[in-house]
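Notes follow the structure.
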Amino acid sequence: MSKILITSALPYINGVKHLGNLAGSMLPADVYARAMRLLGHEVLYICATDEHGTPAELAAQVEGEETAAYCNTMHEAQKSAGDKFKLSYDYFGRSSSLNNHKLTQHFANILEERGLIEERVSQQVYSNADGRFLPDRYVEGICPNCGFEKARGDQCDSCGKLLDPIDLIEPYSAVSGSKDVEIRDTNHLYLKQSSLSGDLLDWVNKAEGWPHLATSIAHKWLAEGLRDRSITRDLKWGIPVLNADGSAREGFEGKVFYVWFDAPIAYIAATQDWAEENGKDWKSWWRTDAGAEDTKYVQFMGKDNVAFHTLSFPTTILGSGEPWKLVDCLKAFNWVTWYGGKFSTSQKRGVFMDQALDIAPSDYWRWHLIANAPESSDTAFTWEEFQLSVNSDLANVLGNFVNRITKYACGKFEGKVPKGGKKTAAEEWLLKELNQRIPLLISFYEKREFRKAMSETRAIWAAGNEYLTQAAPWTHYKTDINQAAMGVRVGLNLVSLFGILAQPIIPDAASKILDAMNIPENNRSWNFGSSEVITKLIDALPFGHEINSPNVLFAKIEDNDVEIWAEKYKGND
RNA sequence: GGUGGGGUAGCUCAGCUGGUUAGAGCGCAGGACUCAUAAUCCUGAGGUCGUGAGUUCAAGUCUCACUCUCACUACCA
């Protein structure tokens, strides 16, 4: 039993997230959190909406709302989508919370005291028509390299060349289209992460259990040499830049902290919010001087987030000189792509969390996305693969197993766990399988190897079907009802076991199975410590214990459905 | 352009520090069974491991070059 702190990368506030976001951070974090809870660990799973930055302001403007009001609405929408996907956050907070304001300002002040922040002047495009500074990618114009007319200020989408907004010919604001733009000086705070690169390198070198993807990205940035990063922006919506005494900082009246400075700090602030709302202690999770030295901290994120979590956020933590908890295991994922291309909100390509649940129940998505998690490379989502996962794994292998044996028990044994019969080679074989596969399954969960865990789960389900073929209670029933009882009894115990093992992945179906089997809530945890325990699993239900059939657990996806969805979500390109 | 991930059976992917006939699931072919959502179980056919060199007694596994693909490239997040 240990304490495990889990965070998933904060979903940006700007709209309900697509399946790629779900599959690369929130969902695996949830599956891991659920598995660790079942193993008896003390788990705290924290997430929050990342609410600051230019896109939030602009999205609110489009909706004709105040930014804060827009964020309220979108936070609720994302929270609701997460609930419907059965994401078991202990707390789903907001980076705009008061605690995050205070904590972000605290970090900025202490970093400045320690000489890790300094003020510098830079040049930035200002749009007179919009009355705002524009981030590089919100400035568009003609590419000086290839002549493409809609090149962005950071990069040309046509020739791929990296640009500076100053280079653009006839630049205009991507927000309003106005050509009334100019370069202005603006002063900002810079985080001197370069001065900590030695410490960061030592820390990354000590990392254990990180995917290759995570360490290699960190090493790449460190090898190139860290540049100091600006941590403030010319925006209204965000965390104000204040002096240590809380007064406004001169020259920073119209500025706020950069989202990437305050967003990771929100992991901590959201824990504070959780603690305040629930009468809990947050320090024992985050302060190594207050109990967190025993906490194992695991972060989940897509590969785009790795640099921020291995470099800039650790700079904040290490630079503070305060005893904050650093991440122990950083689980990074590649992307889920939409038929090999990018998900795109503007082109309506891909499926978003809210739409997904109109198409199929959350369990279907959870299984498919985790069984095909983009762990070692990008993974293409296709409707055909989705259909295959659901029909083959969930409906045929698991669903049909549960259905065939529970129906049979209800029909021939009055829905009661029968006694009688003796162990045969079939039971021996089954026990050997379980003794080998269950510990392996647990170890895959502990190592956060999701594809392997799912493949092992499936193999255990398949072993149930094979057992029934070997035991063939329907054959014995004609000549030796006691031996038929043996097969049915073991089969029913397997149904319970499968329900118990399926809980982290497909919580709804697992509940249905366990409810039908009349397994009490407090008897559903994972306790597979020894081979004796595993041996007892196939004879755990008492004789005469009443069960029901949950009937059809997973409706199959028809070819016709696939055609309709493919047409509806094909995108506009 | 630079850097990183990936390129292994028709498809999706395993293959740790190099070591006997390269694995799994799906799909396909044949067979078995009939309790079950025309489900399940068994057997089988499929691969010169992106290309070309090199190191080695031995390379999918190490080195180099090339190539394809995806991503990142610091003010989108």
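Naming: A, B, ... by sequence-line order, numbering from 1 per chain.
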Pick the P atom in rA29(B) and in rA14(B), then give their distance to the nearest Å. 28 Å

What nucleotide among rC13(B), rU37(B), rU40(B) has an atom nearest to a side-chain atom of L553(A)? rU37(B)

Please list all pairs meeting salt bridge (charged side-chain N to carboxylate O under 4.0 Å, His left out) that have one or both residues in residues 482-492 of chain A, counting only residues at least two apart or in different chains. R489(A)-D539(A)

Sequence neighbours excluded, the answer for side chain to side chain donor-acceptor pair (under 3.5 Å) partners of Q78(A) is none

Can you give me the N/O atom pairs linking the protein to nucleotides 6-9 of chain B at distances under 3.5 Å, or say none if there are none?
none

Rounded to whole Å, how long is the line connecting atom CD1 of I370(A) with atom P of rC13(B)? 15 Å

Contacts of type salt bridge (Lys or Arg N to Asp or Glu O under 4.0 Å), residue E182(A), not counting sequence neighbours: R184(A)

Interatomic spacing from CZ in F352(A) to NZ in K17(A) - rounded to 0.5 Å: 8.5 Å

Please find the pair of heavy atoms, one from S127(A) and one from L134(A), that lie closest to each other, and give the distance. CB-CD1, 3.7 Å

Between rA39(B) and rU21(B), how far apart are the P atoms? Round to whole Å, please. 39 Å

Please list all pairs passing the salt bridge (charged side-chain N to carboxylate O under 4.0 Å, His left out) test where one or both residues lie in residues 254-263 of chain A, with sequence neighbours left out. D234(A)-K255(A)

Test of understanding: with salt bridge (Lys or Arg N to Asp or Glu O under 4.0 Å), list the residues that count as partners of E51(A), not counting sequence neighbours. R94(A)

Reckon K407(A) touches a base, only the sugar-phosphate, or nothing at all at heavy-atom distances under 4.0 Å? sugar-phosphate

Could you check rG46(B) for me: syn (within 90° of 0) or anti? syn

Considering only the C1' atoms, how many Å lie between rA36(B) and rG50(B), rounded to the nearest integer? 45 Å

Contacts of S195(A) that satisfy side chain to side chain donor-acceptor pair (under 3.5 Å) - sequence neighbours left out: none

State, to 0.1 Å, how close E208(A) and C329(A) come at their nearest heavy-atom pair, and which atoms those are. O-SG, 4.1 Å

Spacing of N396(A) atom CG relative to rU37(B) atom P, expressed in whole Å: 12 Å

N391(A) side chain vs K556(A) backbone, donor-acceptor pair below 3.5 Å: no

Walk along nucleotides 71-77 of chain B from 5' to 3' and tag each nucleotide B, S or - by protein heavy-atom contact under 4.0 Å, base first, then sugar-phosphate. SBBBBBB

Set of side chain to side chain donor-acceptor pair (under 3.5 Å) partners for R152(A), sequence neighbours left out: D154(A), D157(A)

Please state whether the rings of F333(A) and F300(A) are parallel, tilted or perpendicular, taking 30° and 60° as the class boundaries. parallel

Would you write the dot-bracket representation of RNA chain B, where each base gets (, ), [, ], | or . depending on whether it forms a Watson-Crick or G-U pair under 3.5 Å and with which partner? (((((((..((((.....[...)))).(((((.......))))).....(((((..]....))))))))))))....

Tell me whether the side-chain N or O atoms of N400(A) pair up with the base of rA36(B) as donor and acceptor below 3.5 Å, since no angle test is needed here. yes

Over 60° means perpendicular and under 30° means parallel, so classify the ring planes of Y408(A) and W474(A), tilted if in between. perpendicular

Quick one: list whatever passes ring-ring contact (aromatic ring centres under 6.0 Å, His included) with Y126(A), sequence neighbours left out. F133(A)

Treat primed atoms plus P, OP1 and OP2 as sugar-phosphate and everything else as base, then score nucleotides 23-34 of chain B 5' to 3': B for base contact with protein heavy atoms under 4.0 Å, S for sugar-phosphate contact only, - for none. --SS------SS

